[in-house]
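Here the structure is laid out as structure tokens; the discussion comes afterwards.
Within every chain, numbering begins at 1; the chains are lettered A, B, ... in the order of the sequence lines, protein sequences first and strands thereafter.
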Amino acid sequence: MSSCERIEAVLSAYHDDELDVAESTEVEHHLAGCAECRRALDDIRRLVQTASALDGRDAPPQLLTRVLAASLNRPEPPRLRLWARRYLPLSLAGAAAAAVVIAVIVVRTSPTVEQPSVTPAGGSAARVVSASGGGSASGGGSASGIAISAGTARGAKVLRAAAAADVKILAGARREFARAEQHYQRAVRQLRRIIAQDLHRWPLARRRAYLRAVGPMDSTVASSQKLASLAPADPAAQEMLFRAYREQLRFMQDAILGGAR
Amino acid sequence: MTPVSKALGVGEARAVDGGADERAEEQRIVAGCLEGNRQAMTELYERYQRRVFSLVLRMVGSSEAEELAQDVFVRIFRGLPKFRGDAALGTWIYRLAMNVCLSFLAKRSRRGQIDSRIGQSPEPTPPRVGNPWLRDQLERALAELPDGYRAVLILHDVEGLNHQEIAEIIGCRVGTSKSQLHKARMRMRKLLGSELDAERESKVIKASEVGA
Ligand SMILES: [Zn+2]
């Protein structure tokens, strides 16, 4: 690097008074004997002087009106809608998981269920609950109706909470996810208890079919749980876990209702 | 001999951050804006519209400036709940404005669109010397700088911010801001070579007339 190149590299810093004394002295020594570098410094000086003298420009007068209109009448912030789209189904699904248990219990303990002619109606009502979260029929239908309206009220509560805690959105979402998961796990435990009580009364073929399928079903859930814990913020992993839970619930529910038949 | 640096003072620095009174006043305005108070929002707009519009205008050109400036202010009012007050409000607003500009420019260059200002022939102003003329030439040359150079040069030399503030606004290190500024100035020197020469000669002539 020639001495001119070395000096040129620090000319801006020299101009802006950012060099220490030794460096400045070196630059000044060089400038005293080098017209080329003096010219470069002079150019920098005039560039900076001219730039600092550039006028600011006012925004067009109509801009304020447009800004105020756009800012004061804005719809729901998009982040909230995104949040609700992604996580509200989880908490509703959690409530629906609880509804499955209620429906199953009602169908199972209702006196009419013991009679073969009524069982299909109750069974389908419980299935509707687990599939879409809606349904009305005799027997179990009314119980599922209660569970679903509880789920909707819960959804409204979740939405209000989300609006209030805009900054804590992610933390809130994680909590909501954990809560939905608890619903599922509780539902699974309850159904498992029911099955443990009823299993010895099931016909041998149905009992064998259930015991064959329950192991793989549980390990699918376990591996989905592991995946979701490795990637706690990944919606795809959460989605997969909840799908595994839903399948597990549907499987147990079918086993119970089929076993009661 | 007088140190050259003293003789070449940059001129009055225009700080983004005012004193304590100024801070209190801004807090009052921000609080009003958070409540959706129209008067407070207007005050905040009036305080910053010139700085924001000038910056946006120089960064993206006149055809898009108004729309982007509107975008910047809408984002300011939407983002104020997240403004923590640990940075100066001015720095925060500059950062928002610069982000809007740079992401717009990145999108425009991906689409392969050409800046409408480039290639525009400058108005043929007869007196080819003097400060107003050089200012026009400088505005034109600014438009030809790479976006990153232009951002730093506008913030430092036009708006009068220091490297610490620029680093916060752009999200880079202080050293990066300094080296970018030097490269930007050197590029400007190249772009304005003949104009700077013309102006220098006119001064030499004037000086010799005075001396005679
Ligand atoms: Zn030299």
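Within residues 55-64 of chain A, the residues having any heavy atom under 4.5 Å from a heavy atom of chain B are, by residue number, A:D55, A:G56, A:R57, A:D58, A:A59, A:P60, A:Q62, A:L63, A:L64.
By the side-chain hydrogen bond (donor to acceptor under 3.5 Å, both in side chains) test, A:Q190 pairs with no residue at all, sequence neighbours left out. With sequence neighbours left out, A:R46 forms a salt bridge (charged side-chain N to carboxylate O under 4.0 Å, His left out) with A:D42, A:D43, B:E199.
Contact between A:S12 and B:R185 at its shortest, heavy atoms only, is OG-NH1, 3.0 Å.
No more than 12 heavy atoms of other residues, nucleotides or ligands shown are found within 6.0 angstrom of CD on B:E67. The number of heavy-atom neighbours closer than 6.0 Å to CZ of A:R38, taken from other residues, nucleotides and ligands shown, is above 12.
Put simply, CZ on B:F77 and CG on A:L68 are 6.5 Å apart, with the number rounded to the nearest 0.5 Å. With values rounded to the nearest 0.5 angstrom, A:E18 atom CD is found 8.0 Å from B:L181 atom CG. Considering CZ of A:R45 and CG of B:L196, their distance stands at 10.5 Å, rounded to 0.5 Å. A:E8 contributes atom CD, which lies 6.5 Å from atom CZ of B:R189 (distance to the nearest 0.5 angstrom).
Residue B:L192 touches chain A through its side chain alone, counting heavy-atom pairs closer than 4.5 Å. The part of B:L138 that comes within reach of chain A is its side chain, from C-beta onward, which places non-hydrogen atoms under 4.5 angstrom from that chain. Both the backbone and the side chain of A:A40 come within contact range of chain B, each with at least one heavy atom under 4.5 Å from a heavy atom of that chain. Contact of A:I44 with chain B is made through the side chain alone, with heavy-atom distances under 4.5 Å.
Contact count versus chain A (heavy atoms, under 4.5 Å) is highest, among B:R50, B:R75, B:M186, B:Q49, for B:R50. Note on B:Q70, B:M41, B:K183, B:E46: by heavy-atom pairs under 4.5 Å with chain A, the leading option is B:Q70.
Between B:K178 and A:D16, every side-chain heavy-atom pair lies at or beyond the 4.5 Å cut-off. Using a 4.5 Å heavy-atom cutoff, the side chains of A:T50 and B:Q137 are not in contact. By the 4.5 Å heavy-atom criterion applied to side chains, A:V67 and B:I76 are not counted as neighbours.
Screening residues 34-44 of chain B for salt bridge (Lys or Arg N to Asp or Glu O under 4.0 Å) gives B:R28-B:E43 as the qualifying pairs, with residues at least two apart or on separate chains.
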* Hey, mind stepping through B:R58 and A:L54 against side-chain contact (heavy atoms from CB on, under 4.5 Å) and telling me if it holds? -> CA-CA 11 Å; B:R58 292 200 169 99; A:L54 290 182; 3.5 Å; yes
